[in-house]
Each structure stands twice: as C-alpha cells, then as structure tokens.
Amino acid sequence: MNGDIFVPIFLFGGIAAVMWKYFDVRHRERMSMIEKGLNPADFKGPSFREYWRINPLSSLKWGLIALFVGGGLFFAGLFERSFNMHDSIYPASMLVSGGVALIIFYAIASSRLKKDQS
C-alpha cells in the first residue's frame, strides 16, 4: 500500500525529465548554431503537412494494417471460441494479418510507382 504513491511519481517525473532534457539539448544545439553564424531554420525537417505531401501512400499503409490487424483479432476470437485454441492465437493472428497487409501495400505501392515512372 505504501509503494502505490511511487508509481505515479516516477511515471510523471520520468516524463518530465525526458522532456526537460529534450528541450535543453535542442536549446543548446540552436545556440551553438547561432554562435557559428548558421540559421537554425535551415536545418529544420519537413513539417507534418509536407510529410503527407511527400508520402501520400502512408495513409493507405496504416489503413491496411489497421483493417487487417482488426480482422485478425476478429478471426482469432472466432477460432478460440470454435476450436478451443490457446490464447496465443491472438498475437499470432495479429502478426500474420499485419504482414499480409504490408505485402498487399507493397504490391499496390510498387505498381503505382511503376505507373508514375512510365
């Protein structure tokens, strides 16, 4: 009972420490760039909106993975109830169906790339 208070303290304290260190290192990096006469904005990566313009097939990939992993969970539940299978059918079906989704995505993306190149 006495140890229950330590879990939230360490959880939020750990999150705060990681965030503090991230912003501290970012500040030091930017200050050293300014001291050397460089513009920190030149080293900025693409924004979130630009990333989606660069990779428009990303939403297709994540949609296929979500659809197939959900279907894998559904069929795992059916198999467990119908054939009295072990609980390990759940992660196995999720991994297999997620792999199938990635293979389907690869086929769609490669055909689209070939189509765009020609």
Side-chain angles (χ1 to χ4, degrees):
M1 203 67 154
N2 293 335
D4 292 342
I5 191 72
F6 291 118
V7 173
I9 290 173
F10 281 117
L11 178 71
F12 292 115
I15 291 171
V18 168
M19 288 178 59
W20 172 76
K21 191 63 177 171
Y22 169 76
F23 288 116
D24 183 49
V25 168
R26 189 174 81 168
H27 174 74
R28 287 183 187 186
E29 182 181 32
R30 288 180 179 182
M31 290 298 115
S32 66
M33 283 183 189
I34 291 171
E35 287 174 1
K36 292 179 182 179
L38 301 173
N39 187 5
D42 293 340
F43 296 96
K44 213 173 180 185
S47 67
F48 190 69
R49 181 173 287 170
E50 290 172 3
Y51 173 76
W52 287 106
R53 262 190 241 137
I54 292 169
N55 193 3
L57 293 176
S58 181
S59 58
L60 173 67
K61 175 178 63 175
W62 291 111
L64 281 172
I65 288 175
L67 180 71
F68 275 77
V69 168
L73 282 172
F74 175 73
F75 285 114
L78 287 178
F79 285 149
E80 183 189 15
R81 287 187 184 97
S82 300
F83 302 115
N84 288 332
M85 292 189 154
H86 195 264
D87 285 342
S88 63
I89 190 75
Y90 286 100
S93 66
M94 288 171 57
L95 290 172
V96 169
S97 60
V100 170
L102 289 174
I103 291 170
I104 291 172
F105 169 73
Y106 176 76
I108 292 170
S110 63
S111 68
R112 184 169 288 185
L113 283 175
K114 286 178 186 176
K115 182 180 172 184
D116 289 346
Q117 288 177 353
S118 58

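Note that this is a predicted model, so its numbers are computed, not measured.
In this structure the side chain of I89 never reaches within 4.5 angstrom of the side chain of F75, judged on heavy atoms. A 4.5 Å side-chain heavy-atom check between Y90 and E80 finds at least one atom pair inside the cut-off. When side chains are defined from C-beta on, I103 does not count as touching V100, because their heavy atoms never get closer than 4.5 Å.
Between the CZ atom in F105 and the CG atom in L57 there is a gap of 5.0 Å [rounded to 0.5 Å]. One finds the CD1 atom of I104 at 10.0 Å from the CG atom of L60 (value rounded to the nearest 0.5 Å). In this structure, I108 CD1 and L113 CG are separated by 12.0 Å, a value rounded to the nearest 0.5 Å.
Residues L102 and L73 fall within the same hydrophobic cluster, defined by Ile, Leu, Val, Met, Phe, Trp and Tyr side chains chained together at heavy-atom separations under 4.5 Å. Linking Ile, Leu, Val, Met, Phe, Trp and Tyr whenever their side-chain heavy atoms come within less than 4.5 Å leaves V18 and F10 in two separate clusters. Tracing side-chain contacts under 4.5 Å through hydrophobic residues (I, L, V, M, F, W, Y), one reaches F83 starting from M94; they form part of the same cluster. Hydrophobic clustering of Ile, Leu, Val, Met, Phe, Trp and Tyr side chains at less than 4.5 Å, counting indirect connections, unites L11 with Y22.
Annotation for L64 and A101: closest pair O-CB, 3.5 Å, computed over non-hydrogen atoms.
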Using the salt bridge (Lys or Arg N to Asp or Glu O under 4.0 Å) rule, take R28 and D24 through it: C-alpha gap first, then chi angles, then the decisive distance, then the call.
CA-CA 6 Å; R28 287 183 187 186; D24 183 49; 3.5 Å; yes
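Other cluster members for M31: I34, joined by side-chain heavy-atom distances under 4.5 Å among Ile, Leu, Val, Met, Phe, Trp and Tyr.
Applying the side chain to side chain donor-acceptor pair (under 3.5 Å) test to every pair with at least one member in residues 93-111, sequence neighbours left out, gives no pairs at all.
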